[in-house]
Amino acid sequence: MQSVTPVDFGLYESHADYRMVRQVVEYLTENWREQPSLDAIAARVGMEPTRLQKLFTRWAGLSPKAFIQAQTLDHARRLLADSASVLDCAYEVGLSGPGRLHDLFVTHEAITPGAYKARGEGLVLRYGFHPSPFGQALVLITEHGLAGLAFADEGEEEKVLADMTARWPRAHYVRDVVETAAYARRIFDRREWRPETPLRIVMIGSDFQIRVWRALLRIPLGQATTYSDIARHIERPTAARAVGGVVGANPISFVVPCHRVLGRSGALTGYHWGLTRKRAILGWEAGVAGAKSGRE
């Protein structure tokens, strides 16, 4: 039996934290217009207000009240107000170093088109489930780096694994929680976000898919863009709908930040692993971005 050192992300105490946060996010998603008080939120989830405030702030880096403000349509529209200039700047600067515009410091490569067409034949993908700030995370790696990242709610692990393995049905899959734990730690522990230890990822897709996913890497933390802006920047201005499909099929969630793509109106639109999780990730990133700007 494999042994693995528990992953301590320094962000939350247990998987139970996200279960509680998820209830809060679901409630706020339905009731943000009423701007519910801390007491109302605590009563809804059955927790003492002070304890809920501490747990939520530890998890998100901001209070439930600030989180509500980060969930409003007005906030989303403010994020989008500069979306075009964000991508214009990103393309002008480029990504020559390890993730110059990505807080995780990502370095990426693409698998050959032939290997993609072979649907994973000849690839060995190691996988493991690990706790994360957003529920159980399924991490898939190759010898070249991270190839897949998905999220599962409690009891849905097998369903999520089947979803991911169906993308590369001819690959050989090996459960390896030791190797994948190192990647989980590198992704979710912000203390590991360092340029001297870049996160290696490998993109398995068609040429068009890889162009879209590379564009996603250029969206900075705390910013957002639209499908049409991505289409324009990959020189396919009429392909916004196709871009949307590729964004939805992104196999490396969170790291390749498909959650930072919104509808033109600011609506969150779809997310393969659930809109509640998308809201949770965006709110969590708002806390990270706020902490980062406070340090600068």
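Positions are given from 1 along the sequence. Computation of the quantities below employed the complete heavy-atom set of this structure, encompassing side-chain atoms and omitting hydrogens, waters and symmetry-equivalent molecules.
- Annotation: side chain of V288 is in contact with side chain of R190 (closest heavy-atom distance under 4.5 Å).
- To the nearest 0.5 Å, atom CZ of residue F134 and atom CG of residue L149 are 10.0 Å apart.
- Using a 4.5 Å heavy-atom cutoff, the side chains of V124 and T142 are not in contact.
- The minimum heavy-atom distance linking I111 with I204 is given by the pair CG2-CA, 3.7 Å.
- In this structure the side chain of E48 never reaches within 4.5 angstrom of the side chain of D39, judged on heavy atoms.
- Residues Q53 and P64 are in side-chain contact: their nearest non-hydrogen atoms beyond the backbone lie under 4.5 Å apart.
- Just one residue in the list Y271, W273, F188 forms a ring-ring contact (aromatic ring centres under 6.0 Å, His included) with F254, and that residue is F188.
- E154 CD to R19 CZ: the interatomic distance, rounded to the nearest 0.5 Å, is 4.5 Å.
- Y127 and T165 share no side-chain donor-acceptor pair at under 3.5 Å.
- With a 6.0 Å cutoff to the six-membered ring centre and a 45° limit on the axis angle, R58 does not count as a cation-pi contact of W284.
- In terms of modelled atom types and a separation under 3.5 Å, the side chain of D189 and the main chain of R185 share no donor-acceptor contact.
- The shortest side-chain heavy-atom distance between L199 and W193 does not fall under the 4.5 Å cut-off.
- V247 places none of its side-chain heavy atoms less than 4.5 Å from the side chain of N250.
- The side-chain heavy atoms of V255 and I252, taken from C-beta on, include a pair separated by under 4.5 Å.
- Shown here for G128 and V177, the closest heavy-atom pair between the two residues is CA-CG1, 4.1 Å.
- For the atom pair S253 OG and I281 CD1, the distance stands at 7.0 Å (nearest 0.5 Å).
- Of the N and O atoms on the side chains of D163 and H272, at least one donor lies less than 3.5 Å from an acceptor on the other residue.
- A donor-acceptor contact under 3.5 angstrom links the side chains of T180 and H130, judged on distance only.
- In this structure, T226 and D229 have side chains that are in contact, with non-hydrogen atoms separated by less than 4.5 Å.
- Distance check, rounded to the nearest 0.5 Å: CD1 of I234 to CH2 of W213 gives 12.0 Å.
- The minimum heavy-atom distance between N31 and P36, with the atom names listed, is O-CD, 3.3 Å.
- Minimum interatomic distance between V160 and A150 (heavy atoms only, all atoms of both residues): CG1-CB, 3.7 Å.
- E192 is linked by a salt bridge (charged side-chain N to carboxylate O under 4.0 Å, His left out) to R194, counting only residues two or more places apart in sequence or in another chain.
- Enclosure of atom CZ in R167 by more than 12 non-hydrogen atoms of other residues, nucleotides or ligands within 6.0 angstrom is indicated.
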*Take H108 and V202 through the test side-chain contact (heavy atoms from CB on, under 4.5 Å) and record every step on the way to the result.*
CA-CA 6 Å; H108 62 280; V202 57; over 6 Å; no
*Give the intermediate values and the outcome of side-chain hydrogen bond (donor to acceptor under 3.5 Å, both in side chains) for residues Y183 and R200.*
CA-CA 9 Å; Y183 277 85; R200 295 180 298 120; 3.2 Å; yes
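- With a 6.0 Å radius and a threshold of 12 heavy atoms from other residues, nucleotides or ligands, R277 has its CZ atom above the threshold.
- Between the CG atom of L262 and the CG atom of L282 there is a distance of 6.5 Å, given to the nearest 0.5 Å.
- To the nearest 0.5 Å, atom CZ of residue R175 and atom CG of residue L125 are 15.5 Å apart.
- Contact record, A147 with W168: O-CH2, 3.6 Å, taken as the closest heavy-atom pair.
- When every heavy atom of L138 is checked against every heavy atom of F129, the shortest pair comes out as CB-CE2, 3.6 Å.
- Screening V21, I41, V45 for a side-chain contact (heavy atoms from CB on, under 4.5 Å) involving F56 leaves a single residue, V21.
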*May I have the step-by-step check of side-chain contact (heavy atoms from CB on, under 4.5 Å) for D153 and Q136, ending in yes or no?*
CA-CA 6 Å; D153 293 323; Q136 287 291 95; over 6 Å; no
*Show your working on side-chain contact (heavy atoms from CB on, under 4.5 Å) between I219 and L216 and close with a plain yes or no.*
CA-CA 6 Å; I219 310 171; L216 296 179; 4.0 Å; yes
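- A salt bridge links E285 and R260; the closest N-O separation between the charged side-chain nitrogens and carboxylate oxygens is under 4.0 Å.
- Checked by atom type and distance alone, the side chain of E157 pairs as donor or acceptor with a backbone atom of G155 at under 3.5 Å.
- Without hydrogens or angle criteria, E179 side chain to D176 main chain gives no donor-acceptor distance under 3.5 Å.
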